[in-house]
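Counting convention: from 1, in listed order, for ligands and their atoms alike. By convention here, the first residue in the shown sequence is residue 1. Just so it is clear, the structure is predicted and the values come from calculations on it, not from any experiment.
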Amino acid sequence: MSAPLLPSLREAYQPYFDVGVAVDLRDLVPGYTDLLAEHYSSVTAENAMKPAWIQPEEGRFVFDEADAVAAVAANNGQRLYGHTMIWHHQTPAWMFLGPDGLPLTASAADRRLLYQRAERHLAALADHFGDQVWAWEVANETVDEDEPDGLRRTPWRMVLGEDYLLQLFRIARQVAPRACLVLNDFETERPAKREAFARVLRRLLDSGADVDAVGHQMHLTLSSPTEEVEATLETFSHLGIDQVVTELDVSISRTPDESLPRVPAQRLVEQAEYYARLFSAFRSQSRTLRCVTLWGLADSHSWLRYWPAIRLHEAPLLFDDRLQPKDAFWGIATPADVRER
Ligand code: XIL
């Protein structure tokens with residue numbers, strides 16, 4: 001493999017922020033694990049720590065897949081970004097059903113039951129992974145700019161009420177006193193979403209919530225303006241908390257359902273320029289930006305090949321199907337970075 005000749009991303013960005021990557025079980029094979037060990041200092045389980053994996057039935061905790069990821073990371077001296085404690089997707093149906101099999105309501109009894117379940121789930125995660133997890137994503141995708149309180153109407157919000165995030169962060173702090181506690185969301189680079197998210201966060205912080213960092217998923221495309229990404233990082237840099245980029249990829253499709261026979265070479269050049277601009281924006285926000293995590297090791301394993309449509313041409317990451325560095329890799333790991341320091 002040519003890996004030893006490449007600059008290590010982790011080392012190149014060491015003066016600025018940590019570089020992380022999401023991995024799944026299928027990444028824990030030779031070649032992929034070489035890239036993992038070489039370039040990253042933080043590891044996210046792409047799926048294995050989600051509620052549906054961890055507690056598929058009430059009281060039955062399954063850590064096998066997450067443990068496999070954690071063991072490889074530990075062997076590389078890497079810490080974990082815990083994705084995710086509370087979400088409405090990829091969460092088992094039982095979580096939101098009462099003992100009678102009916103959906104939980106906003107009654108006091110149902111609220112108590114759902115808080116008990118949240119406490120048990122969060123405590124199990126925190127106890128099991130301990131200090132290997134440097135940051136816990138306490139909640140994912142909770143903001144909806146069209147709601148008066150800015151909070152998405154998930155079962156969590158509906159049952160627990162308007163102050164539920166404050167309570168969930170209180171529970172998270174109890175079970176994981178040393179972890180960086182994150183509130184994460186998608187499309188935070190869109191102005192309306194950015195403003196709603198900032199309002200939700202300011203309100204939480206004003207009410208004393210233990211939020212240590214804001215998480216930006218950043219599933220971007222070649223037409224997502226990097227100026228908006230910059231505006232987002234700048235806006236959140238004034239809240240007195242840290243920032244993390246949690247799920248970065250840059251789709252090369254022009255439309256969500258575009259289907260091409262192969263990767264157009266010109267798009268990869270555009271993508272390299274895009275990544276270069278993006279990482280330059282990231283570097284300029286290194287005061288509050290702690291970690292930038294790529295959503296996958298190589299194009300061959302990207303979720304965008306299958307979502308939101310089958311698109312076998314998708315190539316949103318830094319390494320190609322043969323695990324070779326793409327122009328995008330060179331766009332962010334070039335000597336220009338070294339000169340700039
Ligand atoms: C995706 C994974 O990449 C896929 O493997 C899985 O099938 C679906 O979920 N936002 C999130 C991530 O917070 O958990 C999602 O991950 C991508 C969108």
May I ask you to decide whether [X] forms a salt bridge with [Y], counting only side-chain N to carboxylate O separations under 4.0 Å?
{"X": "Asp149", "Y": "Arg157", "answer": "yes"}
{"X": "Arg173", "Y": "Asp212", "answer": "yes"}
{"X": "Asp321", "Y": "Arg305", "answer": "yes"}

Quick check on the 6.0 Å ring-centre criterion: do [X] and [Y] meet it?
{"X": "His128", "Y": "Phe61", "value": "no"}
{"X": "His83", "Y": "Trp295", "value": "yes"}
{"X": "Tyr13", "Y": "Phe282", "value": "no"}

As an exercise, identify every atom of ligand 1 less than 4.0 angstrom from a heavy atom of [X].
{"X": "Glu141", "value": "10 (N)"}
{"X": "Asn140", "value": "13 (O)"}
{"X": "Glu247", "value": "10 (N), 11 (C), 12 (C), 13 (O), 17 (C), 18 (C)"}

Which bit of [X] is near ligand 1, meaning a heavy atom under 4.0 Å away: side chain, backbone, both or neither?
{"X": "Trp295", "answer": "side chain"}
{"X": "Thr84", "answer": "neither"}
{"X": "Trp87", "answer": "side chain"}
{"X": "Asn47", "answer": "side chain"}

**Shortest non-hydrogen separation from Leu36 to Gln78 and the atoms involved** = O-NE2, 2.9 Å

**Prompt:** Heavy atom of Trp307 under 4.0 Å from ligand 1?
**Reply:** no

**Asked** In terms of ring plane angle, is the pair Phe319 and Phe329 parallel, tilted or perpendicular, where the classes change at 30° and 60°?
**Response** tilted

Checking a contact table here: which protein heavy atom is nearest [atom], and how many Å away?
{"atom": "atom 2 (C) of ligand 1", "result": "Glu46 OE2, 3.5 Å"}
{"atom": "atom 15 (C) of ligand 1", "result": "Lys50 NZ, 3.9 Å"}
{"atom": "atom 8 (C) of ligand 1", "result": "Gln90 NE2, 3.6 Å"}

